[in-house]
Amino acid sequence: MGGSGGGRARAGVELRGGPVDRGVLAIDRLTVGYFTITGLWALSTGGGPGLAIAGIHLALCLGILLLSRWEPERGFLSFIRVCYPMMAMPAMYAELSVLNRFVTTRYFDDVVIGWDQVLFGGQPSMFLSDVLPWVPFSEVMHLGYMSYYLILPAPVIAGYLASGRDGMQRSSFTVMASFYTCYMFFITFPVTGPRYEFERIGGAIADGTMYHIVHTALEGGSSKGTAFPSSHVAATVAATIAAGRHDIRWLWAMLVPGAILIVSTVYGRFHYAIDAVVGFVVGIAVAAAVPAVYRALRGRDRRISGRQPGQTPGHPSG
C-alpha cells in the first residue's frame with residue numbers, strides 16, 4: 001500500500017478471489033445503520049417498551065463493533081463473520097410486530113385491498129386459488145413458497161465459489177439490504193395480508209402435505225403487519241440477481257423456483273398482489289443500488305488481507 005495506507009494494510013492468507021476486507025465491514029455498517037434507525041424509532045415513539053428495544057439495539061451496535069475485531073480467515077467461522085445478519089433475521093423479524101404498534105393501532109389492509117381492486121379489478125389473492133383449484137398445482141406452489149429458505153443462501157454460496165469471503169459479504173449485503181428496506185415499510189405502514197383478512201383456502205387443496213407444512217409454519221412464526229411489500233419477493237429477486245452477478249448460471253438456475261415463489265405468495269393468500277408487485281420492484285431497486293452503496297460503505301480506510309501482484313508473502317506492499 002502507499003504511504004497513506006500506512007501500516008493498516010497487511011498480508012495474510014490468500015483466499016479465493018484475492019484481497020479480503022478487515023475491520024468494520026460494509027455489512028457491519030449497514031446493520032448498525034438499521035439498528036440505529038429502528039432504535040431511534042423505538043426510543044422516540046415506544047415509551048417504556050421502546051426504551052427497552054432501543055437499549056437492546058444499542059447493545060447490538062456495540063457488539064457489532066466488537067465483532068469487527070474478529071477476523072477468521074476461512075471456513076464456517078468466516079461464513080458467520082459476514083453472514084451473521086442473515087442468521088439473526090428471525091429475531092429481527094419477530095420484533096417488527098412490536099415496532100409497528102408504536103405509532104398506529106391500525107393496519108392498512110383496507111388501503112392495499114383498494115389498490116388491488118383498482119389495479120387488478122378484484123382480489124387475485126382470492127381468485128387465483130379458485131380458478132386453479134388443483135391439488136398438484138397447489139402443492140407445487142406451496143413447495144415453491146418454502147424454497148425461499150434455499151434461495152436465500154444461494155447467492156452466498158455463489159459468492160464464495162466466485163470470490164471467497166468478499167463474495168459472501170457482497171451477497172449477504174444485497175439480501176439484507178432488501179430485508180431492511182422492507183422492514184422500514186413494515187414499521188411505518190403495517191399490513192397484515194390476506195391470511196388475516198380473507199378466508200383460508202379450503203376444499204381438497206387444504207388436504208395437501210405442503211399446504212399443511214407451510215400454513216403450520218406460518219402459524220408458529222409469522223409477525224403481524226409484515227405483508228407490504230412482500231419481503232419474500234424482494235429478497236428472492238435481490239438474491240437471484242446477486243447470485244447471477246457472481247455466475248450467470250446461478251441466475252438461470254434460480255429463475256424458475258423464484259418465479260414459482262412469487263406466484264405462490266398470492267396463490268396461497270399470504271400476500272395481496274400489490275405486495276408481490278412492490279416487492280419485485282424493491283428487489284430490483286436494491287440490487288441496482290447495492291454496488292454503489294457497498295463501495296461507499298466499505299470506506300477508503302478499510303484494512304485488507306491478501307497478497308497483491310508483486311507483493312512478497314508476509315510483507316505489505318509499499
Tell me, yes or no, whether the heavy-atom count around Phe280 atom CZ, taken from other residues, nucleotides or ligands under 6.0 Å, exceeds 12. no
Is the number of heavy atoms from other residues, nucleotides or ligands within 6.0 Å of CZ (Arg200) greater than 12? yes
Answer yes or no: is there a donor N or O on one side and an acceptor on the other, between the side chain of [X] and the main chain of [Y], under 3.5 Å?
X	Y	result
Ser172	Met168	no
Arg81	Phe76	no
Glu139	Tyr211	yes
Ser223	Tyr93	yes
Arg170	His246	no
His57	Thr36	no
Tyr294	Ala26	no
Ser68	Leu65	yes
Asn100	Val191	no
Trp115	Ile274	no

Quick one: does [X]'s side chain get under 4.5 Å of [Y]'s, heavy atoms only?
X	Y	answer
Ile187	Thr38	yes
Trp41	Ile53	no
Val140	Ile260	yes
Phe270	Pro194	no
Arg298	Asp166	yes
Trp252	Leu255	yes
Phe102	Leu99	yes

Determine, stepwise, if the pair Tyr34 / Phe179 fulfils ring-ring contact (aromatic ring centres under 6.0 Å, His included). CA-CA 10 Å; Tyr34 171 76; Phe179 276 113; over 10 Å; no
Looking at every non-hydrogen atom in both residues, tell me the closest pair between [X] and [Y] and how far apart they are.
X	Y	answer
Tyr145	Tyr148	O-CB, 3.3 Å
Val233	Ala276	CG1-O, 3.5 Å
Ser147	Pro257	OG-O, 4.0 Å
Ala238	Thr174	O-CG2, 3.7 Å
His142	Gly268	NE2-CA, 4.3 Å
Phe120	Ala273	CE1-CB, 3.5 Å

Using the rule that Ile, Leu, Val, Met, Phe, Trp and Tyr join whenever any side-chain heavy atoms are under 4.5 Å apart, tell me whether [X] and [Y] fall into a single cluster.
X	Y	value
Val282	Met184	yes
Leu119	Val111	yes
Phe35	Phe186	yes
Ile284	Met176	no
Ile56	Met87	yes

Of Thr265, Asp116, Asp109, the one forming a side chain to side chain donor-acceptor pair (under 3.5 Å) with Tyr272 is Asp109
Which value, rounded to the nearest 0.5 Å, describes the distance between [X] atom [atom1] and [Y] atom [atom2]?
X	Y	atom1	atom2	answer
Leu261	Ser230	CG	OG	7.5 Å
Met141	Met146	CE	CE	15.0 Å
Asp28	Phe173	CG	CZ	10.5 Å
Asp275	Ile262	CG	CD1	13.0 Å
Ser264	Leu143	OG	CG	9.5 Å
Leu60	Leu67	CG	CG	11.5 Å

Please, which pairs that meet side-chain hydrogen bond (donor to acceptor under 3.5 Å, both in side chains) have at least one residue in residues 175-187, sequence neighbours excluded?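 Qualifying pairs, neighbours excluded: Thr31-Tyr180.
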Taking only Lys NZ, Arg NE, NH1 and NH2, and the carboxylate oxygens of Asp or Glu, determine whether Glu197 and Arg269 approach each other closer than 4.0 Å.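 Not counted as a salt bridge, because no side-chain N and carboxylate O are separated by less than 4.0 Å.
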Distance under 6.0 Å and angle within 45° of ring axis: Arg101 vs Tyr107: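 Flagged: Arg101 positioned over aromatic ring of Tyr107.
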Can you tell me how the ring of Tyr267 sits relative to the ring of Phe137, calling it parallel under 30°, perpendicular over 60° and tilted otherwise?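 Rings of Tyr267 and Phe137: perpendicular, over 60°.
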Is the ring pair Phe228/Phe185 parallel, tilted or perpendicular, if the boundaries are 30 and 60 degrees?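 Judged by the thresholds at 30° and 60°, the geometry between Phe228 and Phe185 is perpendicular.
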Would you check, one step at a time, whether the test side-chain contact (heavy atoms from CB on, under 4.5 Å) holds for Leu30 with Leu297? CA-CA 8 Å; Leu30 179 69; Leu297 291 184; 4.3 Å; yes
